[in-house]
Chemist: 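This is the structure I want to talk about, given as C-alpha cells.
Both backbone and side-chain heavy atoms feed into the values below; hydrogens, waters and symmetry mates do not. What you see is a predicted model; the values in this text were computed from it and never measured.
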Amino acid sequence: VTPTTDTFKANTTAALADKKLAKALAGLPGGLVAQRAAAYARVPEFETLRTAARDIRDHTLQNLDVYLERFAAKAEAAGSRIHWAADAAEARRIIAHLATERGTRLVAKGKSMVSEEIGLNAHLESLGMEVFESDLGEYLLQIRGETPSHIIAPAIHLSQDQVEADFRRRHTHLDPARNLETPESLVAEARAVLRARFLAADIGITGANFLVAETGTAVIVTNEGNGDLSAHLPKTHIVLAAIDKVVPTLSDLATLLRVLARSATGQDMTAYTTLMTGPKAPGDPDGPEECHVVILDNGRTEMLRSGFAEALRCIRCGACLNHCPIYNAVGGHAYGWVYAGPIGAAITPAFLGVEKAGDLPAASTFCGKCEEVCPVKIPLTRLMRTWREKQFSSPRGWKARTLLRLWAFAARRPRLYHLAARFPIALLSAFAGSKRRLTRLPIARGWTRVRDFPAPQGRTFQQLWRERQRGVPR
Amino acid sequence: MSREAILRRIRAALGPEKEPARTRAVAVRLAAPPPNPRPAFAGLAGAERESRLIECLEGQGATVITIPDLAALPAAVATLLGSPQAPAKTTEQVHDTACLDPGLRRDDEVGNAIGAHTSDVTPTEVGVQIPLGFSQHLTRDNEKPCPLFIADDARFTALAWPERLTPQRWTPGETLGDGFAALTHAEAAVAETGTLVLASSAVSPASLAFLPEVHLVAVRRETIAASFEDSFAALAAAAPARLPRAINLVSGPSRTGDIGGRIVKGAHGPRRLCVILYGPPLGVTGPAQG
C-alpha cells in the first residue's frame, strides 16, 4: 500500500465533502458506540478488568524477549514452525517462499491488519498466485481495490447499494435478475461464492489476535467463521503475527478476551474464538498438515526503545476509532495508511516516519475519549502529543516554529504586542457589521469557508485591563 | 538470522543487563500466575451458573434445550430439525426461545437511522417445537429433515436413531453447507458468556462446527464451567503436553455486520446454533474445576 499520510490535510478535506461517507459513518455512534456502552454497563467490574488487562500487556512487553522465546519453544514443541521477520520485506519473502515451495495457486486469507501492513496480497499476486480475502468486509474491499477503513469493520465506509452494484459487476456467473435487496441476500451470495474457494485453497493465511507463550497457541477472534475455514481446511496454515501479540498464559488470555469484544462490538464474546496449537495431531480427522508462525518486528522494537511501548499494548478492538470525533468525521481512508483513528495517529509515524505521517497526531481534539474507552488504557493523547513535539522540532515544523518565535518576540514586548494587536482588532470589529460576525476573511479562508468568524469586540486586552484598573465600567 | 536480530533489539530496548532478572520474573509468574480479577458473573455455581449459560446463549441467538440423558438425544435432534415423525414433547424442559438477540435488535435500529432498514427475515424467534426455518432448500420440503452429519463419535453412533434421521459419518473434504446439519459434542461450556468449548480430537473435527448450516452441540451439564479460567485450566490439565490442535470457543451462530452495519447470521459458518444440555444438573457447588 502506498501511504498517502503526507497529504493528510487534503485527504480530510476530500473526506468531509464525501456525502456517501458521511452517511455511512453516521451509524457509528448509535451502533458500535452504543453497543460498547451497553456491554460496559453489564460488567460492573469493567474498570478493574481494564487495569488488569493493561498490567498483563505491560508485563509482557517488559519481558518480551523471554516470552517470545517461550512462545517459539512451545509452538515448535507442538509441531509448528517459527519464522522470524525483521521487516515487511522479509515477512513477504518468507511467506512467498513457503507458498511457492508448495506449488500454491490459491490462498485463502483471513482478516489480518499486519498483512495489510506488509502488503502481502499484492506480493503473492505478483508471483502469480491468487489470493482471496474471506472476511466479508475485506472481500468487498478486494473487489473494489480498496484498503480497510476500520480495524474491525473494514468496509464501514460502504453502503449496501455499493455492495449490491459490486456483486452484480463481479459475480457475472449468477442470474442478473436475482434479488439482492437485503443484507441477508448479499451475505448469502458471498457465502456461496466463497465457500467453494475455501475448499480449493492450497494454503490458508490468518493473523493472530494473541500468541499464548505458556502453550505455544495462536488465537484468532472472529464473528463470521472465515478465519476458521481458512485455518482448518487448507493443508498448510500460516499465521502472521507481530511480536507484540504475545501474552503469558491462558489465564491472561481470559482477562483480555473479557475486554476485547465488549470494547469492539459490544458483544460479550465474538461468535468464534479459536485457539490453535500446532498442526493436525495424530488421529485428527481434519486440520492443516503444517502450521507456520511468522513473527514480525517491522519497527516495533524501535517503538519499544523510543518511548512508544504503551502503544504496543493495543489489542486492535477499534474502540478509539468509534469514539473519535475526527474519525467519525473523516473516516479511515483519510489517515492514509493501514491504521486509522487515534491508535493510527499514535503508531503510524513510528512506521512511516514523522516527516511522512507527522500530520496525523495533529488531527485530534484531545478530548481524551479514546483513552477513556481503551481496554488497555493506552495514553493515546500523550503519545500523540509526543509526536507533535517531534514534528515541531523536525524540519517540517519550520512554519510553526517561526510563527511561535515571532509571537514570543512580540509577547515579551508589551508595546509592540499592543500595536500589533490593536489595528487588526479595530479593523475586524469595524467590518463585522451589526451581526458582529465576519462571513469572509481573506487571511483565514479555511475558517470562513465553513463558518463565520466572530468579531472581536474592538479593544485589546491591554486597553481593557487599563480601563478596569481605572475603574471604568464596562 | 532475524531471530537473533529481533531478540537483540528487544534486549537493547529493555536493558540487556536485566535479562537474567526478566528470565526469573517470567519463570516466577508462569509457575505461580497472579489470580485474575473475575467479574461476579464468572463465579456462579449450580443452577445460577446454568441459567447464566442458557440466558447468554439465547441472547446470542442460539436455541437451547435440556434433556435428561443422551438416550433422549435422537428425539431432541428430530424436534430441532423439524422431523414430522418426532414426538411432540420429548424434552424434559424446553426453554423459551422468544428472546431476540439484543445485538440484532440494536442493529435494526441503526439500520433504521441510516435508512437501510429491511425486514428481519432471520426467524430467531421461532420456538423449538416448530421446525426451524432453515434456508429455502429445507423449508421447501418439510417432510424430510435435513441430512445430519456426525464424526466417528461413539457417544452418538451408539444411540438408537430413527431411520429418517440416521446420521451420516462426515469425512474430510465433504463440504456440507446450506441444507446440512452437523452434531458435535462440546468438551465443556463457559457460563459467563454463553460459550461452548469444542476441542478437536479423533472424534471431534474442528471443521464440523463451521461447515454445516445448522450446528447442533451436545453439552453434558456437569461440564458447565463458571469462567474461562476454570475451563482453560481443565483443558490444560487434560492435555499437559500439548493442547488439542483447535479449541473452538463458540458463542452463537456465525454473523457479520459488514454490510450496512446490520447484523446478519450465517456469514460463513452456521446460520443456526442449537445447544442440547443433558445429564444430571450441576451440583450446588459445581464440579471440581481447575
Chemist: Between A:T270 and chain B, which part of the residue has a heavy atom less than 4.5 Å away: side chain, backbone, both or neither?
Modeler: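 Interface part for A:T270: backbone (N, CA, C, O).
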Chemist: Calculate, to the nearest 0.5 Å, the distance between atoms CG and CZ belonging to A:L233 and B:F210 respectively.
Modeler: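 Separation between the atoms: 9.5 Å.
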Chemist: Sort B:A5 into side chain, backbone, both or neither according to what part of it lies under 4.5 angstrom from a heavy atom of chain A.
Modeler: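 Answer is neither: B:A5 stays 4.5 Å or more from chain A.
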Chemist: Answer yes or no: is there a donor N or O on one side and an acceptor on the other, between the side chain of A:R191 and the main chain of B:G266, under 3.5 Å?
Modeler: yes
Chemist: Assess whether side-chain contact (heavy atoms from CB on, under 4.5 Å) is satisfied between B:L249 and A:Y272, documenting all intermediate values.
Modeler: CA-CA 6 Å; B:L249 308 177; A:Y272 303 117; over 6 Å; no
Chemist: I need the contact set between residues 190-199 of chain B and chain A: heavy-atom distance under 4.5 Å, sorted by residue number.
Modeler: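 Contacts with chain A: B:E192, B:T193, B:T195.
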Chemist: Under 4.5 Å heavy-atom distance to chain A, tell me which part of B:L273 shows up: side chain, backbone, both or neither.
Modeler: neither
Chemist: Of the listed residues (A:G225, A:A254, A:P282), which shares the most heavy-atom pairs with chain B below a 4.5 Å separation?
Modeler: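 Looking at each of A:G225, A:A254, A:P282 in turn, A:A254 comes out on top.
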Chemist: So which heavy atom on A:T301 is nearest to which on B:I6, and how close?
Modeler: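 Scanning both residues completely, I find the closest heavy atoms to be CG2-O, 4.0 Å.
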Chemist: Determine, stepwise, if the pair B:R271 / A:E184 fulfils salt bridge (charged side-chain N to carboxylate O under 4.0 Å, His left out).
Modeler: CA-CA 11 Å; B:R271 288 202 174 92; A:E184 284 79 6; over 6 Å; no
Chemist: Working to the nearest 0.5 angstrom, can you tell me the gap between B:S254 OG and A:N226 CG?
Modeler: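 Answer for the OG-CG pair, B:S254 versus A:N226, is 8.5 Å.
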Chemist: Please classify the contact between A:I243 and chain B as side chain, backbone, both or neither, with a heavy-atom cut-off of under 4.5 Å.
Modeler: side chain
Chemist: Assess, by modelled atom type and distance only, whether the side chains of B:E229 and A:S251 contain a donor and an acceptor separated by less than 3.5 Å.
Modeler: no
Chemist: I'd like to know which of B:P270, B:S251, B:G252, B:A40 tops the heavy-atom pair count under 4.5 Å against chain A.
Modeler: B:S251
Chemist: If you look at every heavy atom in B:S207 and A:H232, which pair is closest and at what distance?
Modeler: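 Nearest pair, atom of B:S207 first, then A:H232: OG-CB, 4.1 Å.
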Chemist: Shorter than 4.5 Å, heavy atoms on both sides: which option in B:T171, B:T23, B:V26, B:V203 has the most such pairs with chain A?
Modeler: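 Winner by heavy-atom pair count: B:V26.
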Chemist: With rounding to the nearest 0.5 Å, note down the distance linking CD1 in B:I247 to CG in A:L250.
Modeler: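 Going from CD1 on B:I247 over to CG on A:L250, the span is 7.0 Å.
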Chemist: Sequence neighbours left out, what pairs pass salt bridge (charged side-chain N to carboxylate O under 4.0 Å, His left out) with at least one residue falling in residues 154-164 of chain A?
Modeler: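 Every pair satisfying salt bridge (charged side-chain N to carboxylate O under 4.0 Å, His left out) with a residue in residues 154-164 of chain A: A:E164-A:R168.
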Chemist: Checking A:R258 against chain B: side chain, backbone, both or neither under 4.5 Å from a heavy atom?
Modeler: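 Side chain only.
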Chemist: What part of A:H59 lies closer than 4.5 angstrom to a heavy atom of chain B: side chain, backbone, both or neither?
Modeler: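 Only the side chain of A:H59 comes within 4.5 Å of chain B.
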Chemist: When heavy-atom pairs shorter than 4.5 Å are enumerated against chain A, which of B:E4, B:R9, B:R8 gives the highest number?
Modeler: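 The residue among B:E4, B:R9, B:R8 with the greatest pair count is B:R9.
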Chemist: Is it the backbone or the side chain of A:I220 that comes under 4.5 Å from a heavy atom of chain B, or both, or neither?
Modeler: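 Neither part.
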Chemist: What distance do A:L257 atom CG and B:F228 atom CZ have between them, rounded to the nearest 0.5 Å?
Modeler: 6.5 Å
Chemist: Could you tell me which portion of A:F198 (side chain, backbone, both or neither) has an atom closer than 4.5 angstrom to a non-hydrogen atom of chain B?
Modeler: side chain
Chemist: How far does CD of B:Q60 sit from CG of A:D268, to the nearest 0.5 angstrom?
Modeler: 7.0 Å
Chemist: Non-hydrogen atoms of chain A under 4.5 Å away: do they reach the side chain of B:A42, the backbone, both or neither?
Modeler: side chain
Chemist: Under 4.5 Å from any heavy atom of chain A, what part of B:P253 do you find: side chain, backbone, both or neither?
Modeler: backbone
Chemist: Chain B heavy atoms under 4.5 Å from A:L186: which part of the residue, side chain, backbone, both or neither?
Modeler: both
Chemist: Between the main-chain N or O of A:K74 and the side-chain N or O of B:R242, is there a donor-acceptor pair closer than 3.5 Å?
Modeler: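 Checking the backbone N and O of A:K74 against the side chain of B:R242, no donor-acceptor pair under 3.5 Å is found.
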Chemist: Using non-hydrogen atoms only, which part of A:V187 is less than 4.5 Å away from chain B: side chain, backbone, both, or neither?
Modeler: both
Chemist: With a 4.5 angstrom heavy-atom cut-off, is it the side chain or the backbone of A:E90 that approaches chain B, or both, or neither?
Modeler: side chain
Chemist: What part of A:L68 lies closer than 4.5 angstrom to a heavy atom of chain B: side chain, backbone, both or neither?
Modeler: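 The answer is the side chain of A:L68.
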Chemist: Taking all heavy atoms of A:T48 and all of B:P37, pick out the closest pair and write down the distance.
Modeler: CG2-CB, 3.8 Å
Chemist: Show the nearest heavy-atom pair for residues A:L136 and B:H268, with the distance to one decimal.
Modeler: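 Where A:L136 meets B:H268 most closely, the heavy atoms are N-NE2, 4.4 Å.
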Chemist: Could you tell me which portion of A:A39 (side chain, backbone, both or neither) has an atom closer than 4.5 angstrom to a non-hydrogen atom of chain B?
Modeler: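 A:A39 has no heavy atom closer than 4.5 Å to chain B.
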Chemist: Less than 4.0 Å between a side-chain N and a carboxylate O, is that true for A:R195 and B:D178?
Modeler: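 No, B:D178 and A:R195 are not salt-bridged.
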Chemist: Could you measure the distance from the CG atom of B:L243 to the CG atom of A:L275? Nearest 0.5 Å is fine.
Modeler: 7.5 Å
Chemist: Does any backbone or side-chain atom of A:E224 lie under 4.5 Å from a heavy atom of chain B? Answer side chain, backbone, both or neither.
Modeler: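 Both backbone and side chain.
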Chemist: Indicate the atoms forming the closest heavy-atom contact of A:D286 with B:R245, along with that distance.
Modeler: O-NE, 4.1 Å
Chemist: Hey, is the main chain of A:E69 close enough, under 3.5 Å, to the side chain of B:R3 for a donor-acceptor pair?
Modeler: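 No, B:R3 side chain to A:E69 backbone: no donor-acceptor pair under 3.5 Å.
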Chemist: Testing A:T249, A:D252, A:N63 for side-chain hydrogen bond (donor to acceptor under 3.5 Å, both in side chains) with B:R29, which one passes?
Modeler: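 Exactly one candidate clears the test, A:D252.
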Chemist: For A:S159, is it the side chain, the backbone, both or neither that has a heavy atom under 4.5 Å from a heavy atom of chain B?
Modeler: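 No part of it gets close to chain B.
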Chemist: Sort A:A85 into side chain, backbone, both or neither according to what part of it lies under 4.5 angstrom from a heavy atom of chain B.
Modeler: backbone
Chemist: Between B:D258 and A:G137, what is the shortest heavy-atom contact and its length?
Modeler: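 The pair with the smallest heavy-atom distance is OD2-N, 2.7 Å.
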